[in-house]
Amino acid sequence: MDPGEAAILESSLSIFYRLFVPLRPLPAALPGRMNVIDHVRDMAAAGLHSNVRLLSSLLLTMSNNNPELFSPSQKYQLLVYHADSLFHDKEYRNAVSKYTMALQQKKALSKTSKVRPSTGNSASAPQSQCLPSEIEVKYKMAECYTMLKQDKDAIAILDGIPSRQRTPKINMMLANLYKKAGQERPSVTSYKEVLRQCPLALDAILGLLSLSVKGAEVASMTMNVIQSVPNLDWLSVWIKAYAFVHTGDNSRAINTICSLEKKSLLRDNVDLLGSLADLYFRAGDNKNSVLKFEQAQMLDPYLIKGMDVYGYLLAREGRLEDVENLGCRLFNISDQHAEPWVVSGCHSFYSKRYSRALYLGAKAIQLNSNSVQALLLKGAALRNMGRVQEAIIHFREAIRLAPCRLDCYEGLIECYLASNSIREAMVMANNVYKTLGANAQTLTLLATVCLEDPVTQEKAKTLLDKALNQRPDYIKAVVKKAELLSREQKYEDGIALLRNALANQSDCVLHRILGDFLVAVNEYQEAMDQYSIALSLDPNDQKSLEGMQKMEKEESPTDATQEEDVDDMEGSGEEGDLEGSDSEAAQWADQEQWFGMQ
C-alpha cells in the first residue's frame, strides 16, 4: 500500500470512529469529542435542513433496529431535528407525527430521569442542557396545525402550555387563533400578555383595538416605554389613529394619520400611506385612495399589502390593462399571497368572466382565509352566476372579519335584493345606518333599499338629499338621485345634478347617465359627446356603447339596416367568440370542481 492510500484509509477510519464509535452503548464520550448527534445539531443550526433530514432518517432507522444504540435523550433530539427538517420542507403532517413522537420520547425520558438516581456523571449535564425545548416543539406543532387549517388542534396544543411558560410568540399565536375562533375574552388576555412582555408589539396593539378595547386603555400599557425611550412621542398618536380606524370613524382616522404622516420623521412611511389609502377607500373617496396607493407603490415597488383593494379600484374605473399589469407584477413578487390572485380575479370579474373570477377568488381564500377582498370577489362572482345563497355566506364572513367596511354590507344587501328579500335588505340597511352612523355612504345604502319599494320612494328622496348635502360629490348618491329623477321624468333636474357632480371629477357612469338624460331632452349631439367620454374612461362599458349605437341607428336608419344585414352575414364569427367564452367558463367551472373550490 502506497503512502497516499494509507493516509486516505487512516482518515476514513478516523471519521468513522468520530461519528459512530461514541454511539456504542459505552460510557459518555470523552471531553472535546463530538458524537453524531452533535454533528446533526450543528447542521441544523447551520440551516442545512436537507442534510439533517437525510442523516437523521438513517440514524432513526439504526435506532429502531438497535434500541440500545442511542440514549433516550439522543433519540429525542434526533426526532426533533428530523421533524424540523420536515417542517422546513412544508411536509406539515409528517412533521406533526415526528414532533408527537419526540414529545412521547421526552415524556418517557422525564420519567426515567425521575426514577434513575444521579450517577454524578458530569458529561450528562451539558447534554441535558442542550436538549431542544419542549415548549418550542409544541409551538412548532401549533404552526403545523395552522398551516393545515386545523386551528382547534393548534389552540389545544398551545393551551397545554402553562401560562408562566408561554413566550410572547406563543401568546401572540394564541391571541390570533382565539380571535379567529371568535373567542374574544381569551384573545384580549393573550394580546395583553404580549404587550406586558413586549410593550412595542404594534400588531398586538392593533389586535386589542380590533376587539373593541379602548384606545386609552391600550395607550396606558405603553406609557412607560414611551416616557423612557426617546423618539417615541408619535406612538400615542398612532394608537389614537388606529382606535378611530377600528371604531369606523374614518374622517378622524384620516386626519390623525395625516398629522402623523406630515411629521418629518414619519414622512413617506409605506404602512401609513397604505392605511390612508384604505381609509379613503372605506370613506368612498376612491380618487384619493388610488393616489395614496400609487404613492406607496412608488416608495416600495415590492409592496403587496393593500394591492388587492388597489386592483379592485382600478378595475372599477375600467383600467383593465393596468389591472392586468398589476397582477403580473404581484405574481412575480409572490404567488403565496392572496393579493395577486384577487387582482387577477378582479380583471376577470370586470371582463365578465365570472367563473374564472370565482376560481381565482377561491384560490386567494385558500392562501389567506382572512382576506376580505377575496371573500368579496368570490361572493360577487357567485351572485352574478345566480348562486345567491352561496354568495350570502361569503359576504357574511366578510362582515364578520371587517364589521366597519361598508362594501361588505353592500354586497350582502345586493344579494337580498337580487333574491327579492326586500325586508331582510331593509333590516340590514337600518342596522348599518345605526351602527356606522348617519354619513353619506350609509344614507345612500338605506336609500338604495328604499328605492326598491314604491311605498318608501319619498323616504329614499329625503335620504339622498341628506347624503348629497353632506357630500355633493359622492358618486353613488348622485347615481341613485339621478335614478329617482329619471323615474319622475325630471330630466332637466337630473342634467343639472349630473353637471354639478362632474364639475370636479370625471366618472364613466355619470357621463353615461348624463348622456341618457340628454337623449331624453333631444340634445343628441351633446349626448353623443357624453357617451364618447364615458367610453374613453371605460372602453368596456356596454351601456354607453349601446346608447351610442342606438343614437347612430336613429340618425341614419338606412345605414342601420345595412349594418344589420352585415351583422347577420358575419354573425357566425361573433357567435363563435361567444361560444368560446362559454366553453372557457365551463373549463374554469370544471377546474373549480377538481380543486374543490365551489
Side-chain angles (χ1 to χ4, degrees), residues 90 146-147 149 203 206 268-282 285-382 384 394 397-398 401-402 405 407-408 411 538-540 584-585 587-588 591-592 595 597:
K90 300 182 180 180
T146 56
M147 297 304 294
K149 314 295 183 186
D203 199 31
L206 293 177
D268 291 339
N269 177 264
V270 173
D271 289 321
L272 289 179
L273 287 170
S275 295
L276 266 180
D278 189 60
L279 284 166
Y280 280 125
F281 166 66
R282 295 187 189 194
D285 189 350
N286 294 345
K287 182 179 179 181
N288 274 320
S289 179
V290 169
L291 288 174
K292 291 299 177 183
F293 275 129
E294 288 174 349
Q295 190 177 346
Q297 257 195 132
M298 290 178 65
L299 290 168
D300 184 1
Y302 299 102
L303 179 66
I304 289 181
K305 185 180 179 182
M307 291 295 101
D308 49 354
V309 176
Y310 178 51
Y312 165 72
L313 290 172
L314 294 179
R316 280 197 61 178
E317 293 180 358
R319 296 165 57 182
L320 295 184
E321 186 176 348
D322 291 338
V323 177
E324 187 174 14
N325 293 335
L326 175 64
C328 292
R329 186 175 65 80
L330 292 176
F331 273 119
N332 287 332
I333 297 171
S334 171
D335 61 357
Q336 295 303 306
H337 289 75
E339 285 84 351
W341 300 90
V342 173
V343 171
S344 293
C346 288
H347 182 275
S348 297
F349 182 86
Y350 282 91
S351 300
K352 299 186 178 180
R353 299 160 70 186
Y354 302 125
S355 187
R356 186 169 190 265
L358 175 62
Y359 163 75
L360 293 167
K363 178 64 178 179
I365 293 170
Q366 275 191 341
L367 292 168
N368 181 6
S369 59
N370 291 331
S371 172
V372 175
Q373 211 60 38
L375 288 164
L376 294 179
L377 170 64
K378 190 178 177 187
L382 288 166
N384 284 22
H394 287 76
E397 177 64 12
L401 293 171
R405 278 188 58 168
D407 52 340
C408 301
D538 182 1
N540 298 306
E584 181 186 20
Q587 176 188 352
W588 282 105
Q591 289 189 6
E592 290 158 23
F595 288 104
M597 292 181 180

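Judged by distance alone, with hydrogens and angles left aside, the side-chain atoms of Asp300 form no donor-acceptor pair with the main-chain N or O of Ala296 at under 3.5 Å. Using modelled atom types, one side-chain atom of Ser289 and one backbone atom of Ala277 make a donor-acceptor pair closer than 3.5 Å. Judged purely by atom type and a 3.5 angstrom limit, Asn368 has no side-chain atom pairing as donor or acceptor with the backbone of Ala364.
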Check: Passes side chain to side chain contact (heavy atoms under 4.5 Å, CB included), Arg319 versus Val290? Steps please.
Finding: CA-CA 12 Å; Arg319 296 165 57 182; Val290 169; 4.2 Å; yes

For this session: Determine, step by step, whether Ser334 and His337 satisfy the side-chain hydrogen bond (donor to acceptor under 3.5 Å, both in side chains) criterion, reporting the C-alpha distance in whole Å, the side-chain angles of both residues, the deciding distance to 0.1 Å, and the verdict.
Result: CA-CA 6 Å; Ser334 171; His337 289 75; 2.9 Å; yes

Query raised in the report: Which is it for Leu360 and Val342 under the side chain to side chain contact (heavy atoms under 4.5 Å, CB included) test, yes or no, and what are the steps along the way?
Result: CA-CA 7 Å; Leu360 293 167; Val342 173; over 6 Å; no

**Request:** Before giving the answer on side chain to side chain contact (heavy atoms under 4.5 Å, CB included), spell out for Asp538 and Glu317 the whole-Å C-alpha distance, their side-chain angles and the decisive distance to 0.1 Å.
**Result:** CA-CA 7 Å; Asp538 182 1; Glu317 293 180 358; over 6 Å; no

Next item on the list: Walk me through it: do Gln373 and Arg405 pass the test side chain to side chain contact (heavy atoms under 4.5 Å, CB included)?
Entry: CA-CA 11 Å; Gln373 211 60 38; Arg405 278 188 58 168; 2.7 Å; yes

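Note that CG of Leu376 and SG of Cys408 are 4.5 Å apart. Values are rounded to the nearest 0.5 Å. One distance of note links SG of Cys328 with NE2 of His347; it measures 9.0 Å at 0.5 Å rounding. The distance from the CG atom of Asn286 to the CG atom of Leu314 is 10.5 Å, given to the nearest 0.5 Å. A distance of 5.0 Å separates CG of Leu299 from CG of Asp268, quoted to the nearest 0.5 Å. The line from CG of Leu313 to CG of Asp322 is 12.5 Å long, rounded to the nearest 0.5 Å. For the atom pair OG of Ser275 and NZ of Lys305, the computed distance is 6.0 Å after rounding to the nearest 0.5 Å.
Qualifying side chain to side chain donor-acceptor pair (under 3.5 Å) partners for Arg282, counting only residues two or more places apart in sequence or in other chains: Asp278. Asp335 is linked by a salt bridge (Lys or Arg N to Asp or Glu O under 4.0 Å) to nothing, counting only residues two or more places apart in sequence or in another chain.
Remark: of the listed residues Glu324, Arg353, Arg356, Arg356 is the sole one forming a side-chain hydrogen bond (donor to acceptor under 3.5 Å, both in side chains) with Ser348.
For the 3.5 Å distance criterion, the side chains of Asp285 and Asn288 qualify, holding a donor opposite an acceptor.
Ring-plane geometry between Tyr310 and Phe293 is classed as tilted, the angle between the planes lying from 30 to 60 degrees on a 0 to 90 degree scale.
For the residue pair Ala374 and Ile365, the shortest heavy atom distance occurs at CB-CG1, 3.7 Å. Between Ser351 and Leu320, the shortest heavy-atom distance links the atoms OG-CD1, 3.6 Å.
No salt bridge links Glu339 with Arg329; every basic N to acidic carboxylate O contact stays at or beyond 4.0 Å.
Other residues, nucleotides and ligands contribute over 12 non-hydrogen atoms within 6.0 Å of the CD atom of Glu294.
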